[in-house]
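Reviewing the structure listed below.
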Amino acid sequence: MAEPAYVRIAGEYARRIRGGELPPGMQLPSYAEIAQQNGVSDIVVRKALELLQSQGLVRSVRRRGVFVADRPNLVRVSPERQLEAAERSFQNESDQQIQVERETEQIPATNDLAEALGVPVGAEIKHVVTRATEDGRPISISDTYQPLDVIDISGADFLEETISDKLPTPVHAEWLRTTPGDLVKSVHQRFIAADDRIIMISDVSYPRGRYDAFVFRMSLK
């Protein structure tokens with residue numbers, strides 16, 4: 001799925017803010033200036049700034065403009081991040097070195113996966129494990145499952161997420177280096193087509209304290 005212009009613009013400003021290039025209290029350029037610099041409309045700029053504000057990175061002052069927040073916090077926003085590759089999503093959150101590794105395999109659907117994806121038990125499905133590190137420190141691991149006829153999430157109209165603090169699976173615990181009994185922030189995702197078919201499910205684990213907040217937006221179209 002192509003990255004929308006407003007997500008790209010917001011990501012660029014997010015990196016500059018978190019990297020210290022744009023310090024707290026600094027005023028951002030005007031809508032017109034940002035639009036001209038990026039060759040987009042004012043509407044696109046407005047959506048980009050709204051995304052930055054929902055992430056806690058900027059604040060809007062009436063009749064004065066938009067300013068970098070005094071204490072920019074790390075907020076995970078969905079589904080905007082679903083429109084980006086994992087590399088871009090995490091790099092937008094950090095000025096440190098991000099590395100993402102993926103392993104892909106075909107596996108037979110278990111009873112639970114078959115029921116969730118609407119395929120026969122034992123049918124071959126695609127399983128992708130994605131691991132991310134920040135300067136060598138593990139920050140995320142996910143298991144994603146999809147039928148073989150599904151290429152990506154471009155066919156999804158809705159995203160449903162369930163967020164919880166829970167004990168990680170042994171594989172997730174080993175990657176995140178949690179101590180026995182420690183909870184992680186877990187996100188269970190279901191990507192749903194217009195006909196209610198579930199085309200992809202994903203289970204993501206983050207260190208429990210990585211994000212100050214989770215912001216959820218529903219429609220993917």
Side-chain angles (χ1 to χ4, degrees), residues 1 74-94 96-156 158-193 197-216 220:
M1 184 178 293
L74 190 54
V75 177
R76 178 190 181 278
V77 178
S78 181
E80 275 79 5
R81 69 180 296 130
Q82 307 306 327
L83 305 177
E84 303 173 317
E87 290 84 349
R88 177 67 68 85
S89 291
F90 288 117
Q91 198 62 69
N92 286 347
E93 298 174 352
S94 173
Q96 301 180 55
Q97 181 64 41
I98 297 295
Q99 183 173 357
V100 177
E101 301 174 350
R102 295 177 179 83
E103 293 182 7
T104 302
E105 62 179 346
Q106 292 186 18
I107 62 171
T110 63
N111 290 342
D112 289 344
L113 289 173
E115 182 178 1
L117 294 172
V119 300
V121 174
E124 291 289 303
I125 60 174
K126 183 178 180 180
H127 174 215
V128 181
V129 180
T130 304
R131 304 178 182 89
T133 60
E134 182 180 62
D135 272 2
R137 178 172 56 88
I139 56 173
S140 174
I141 181 171
S142 67
D143 288 287
T144 299
Y145 306 91
Q146 63 197 72
L148 296 183
D149 64 336
V150 174
I151 299 175
D152 54 34
I153 62 170
S154 59
F158 301 99
L159 167 62
E160 177 184 280
E161 288 194 344
T162 303
I163 302 172
S164 59
D165 293 328
K166 61 186 295 185
L167 288 172
T169 65
V171 172
H172 285 208
E174 180 180 4
W175 174 253
L176 294 177
R177 303 173 188 170
T178 62
T179 56
D182 278 358
L183 303 179
V184 298
K185 188 67 71 174
S186 175
V187 181
H188 178 70
Q189 301 175 320
R190 300 198 309 164
F191 294 89
I192 307 169
R197 180 192 181 197
I198 298 174
I199 63 173
M200 186 183 295
I201 59 176
S202 184
D203 288 291
V204 192
S205 295
Y206 304 101
R208 193 177 180 193
R210 176 170 177 78
Y211 295 103
D212 294 293
F214 286 69
V215 177
F216 180 73
L220 290 175

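Just so it is clear, the model here is predicted, and its values are computed rather than measured. All residue numbers in this chain count up from 1 along the given sequence.
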Residues in side chain to side chain contact (heavy atoms under 4.5 Å, CB included) contact with [X], at least two apart in sequence or another chain:
X      : result
Ala123 : Val119, Pro120
Gln106 : Glu124, Leu148
Ala213 : Val75
Val100 : Ala86, Glu87, Ile98, Arg102, Thr130, Ala132

Does any part of the side chain of [Y], heavy atoms only, come nearer than 4.5 Å to the side chain of [X], both counted from C-beta?
X      : Y      : answer
Arg76  : Tyr206 : yes
Arg208 : Asp165 : yes
Arg197 : Ile192 : no
Leu159 : Arg190 : no
Lys185 : Phe214 : yes
Ile125 : Leu113 : yes

- prompt: For His188 and Thr162, does a side-chain donor sit closer than 3.5 Å to a side-chain acceptor?
  reply: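 Per modelled atom types, His188 and Thr162 side chains form no pair under 3.5 Å.
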
message: Could you tell me if Asp203 and His172 have a donor-acceptor pair between their side chains, going purely by distance under 3.5 Å?
response: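 On atom types as modelled, these side chains do not qualify, holding no pair under 3.5 Å.
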
Between [X] and [Y], which heavy-atom pair has the shortest distance, and what is it?
X      : Y      : answer
Ser142 : Ser202 : CB-OG, 4.2 Å
Gly122 : Pro108 : O-CB, 3.6 Å
Ile199 : Leu117 : C-CD2, 4.4 Å
Ala116 : Ile201 : CB-CD1, 4.0 Å
Gln146 : Ile151 : NE2-O, 3.5 Å

Compile the donor-acceptor pairs under 3.5 Å between side chains in residues 174-184 and protein atoms, sequence neighbours left out, one pair per line.
unit_1	atom_1	unit_2	atom_2	d
Trp175	NE1	Ser140	O	3.0
Thr179	OG1	Asp182	OD1	3.2
Thr179	OG1	Asp182	OD2	2.5

I need the [X] [atom1] to [Y] [atom2] distance, nearest 0.5 Å.
X      : Y      : atom1 : atom2 : value
Phe191 : Asp152 : CZ    : CG    : 10.5 Å
Thr133 : Phe90  : OG1   : CZ    : 10.0 Å
Glu101 : Ile141 : CD    : CD1   : 10.0 Å
Asp143 : Thr169 : CG    : OG1   : 6.5 Å
Glu93  : Ile139 : CD    : CD1   : 7.0 Å

Residue pairs passing the salt bridge (Lys or Arg N to Asp or Glu O under 4.0 Å) test where at least one lies in residues 131-142, sequence neighbours excluded: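 Pairs touching residues 131-142 that pass the test: Glu103-Arg131, Glu134-Arg137, Glu134-Arg210.
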
query: Got a sec, which pairs hit salt bridge (Lys or Arg N to Asp or Glu O under 4.0 Å) with one end in residues 104-123, sequence neighbours left out?
result: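 Passing the test, one end in residues 104-123: no pairs.
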
- request: Scan residues 115-149 for pairs that pass ring pair (Phe, Tyr, Trp, His ring centres under 6.0 Å), counting only residues two or more places apart or in two chains.
  value: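 The answer is His127-Tyr145.
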
message: Just to verify, what does Lys126 make a salt bridge (Lys or Arg N to Asp or Glu O under 4.0 Å) with, not counting sequence neighbours?
response: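 Once residues adjacent in sequence are excluded, Lys126 has no partner under the salt bridge (Lys or Arg N to Asp or Glu O under 4.0 Å) criterion.
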
message: The criterion is side chain to side chain donor-acceptor pair (under 3.5 Å); which residues satisfy it with Ser186, sequence neighbours excluded?
response: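 Side chain to side chain donor-acceptor pair (under 3.5 Å) check on Ser186 returns nothing, list empty.
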
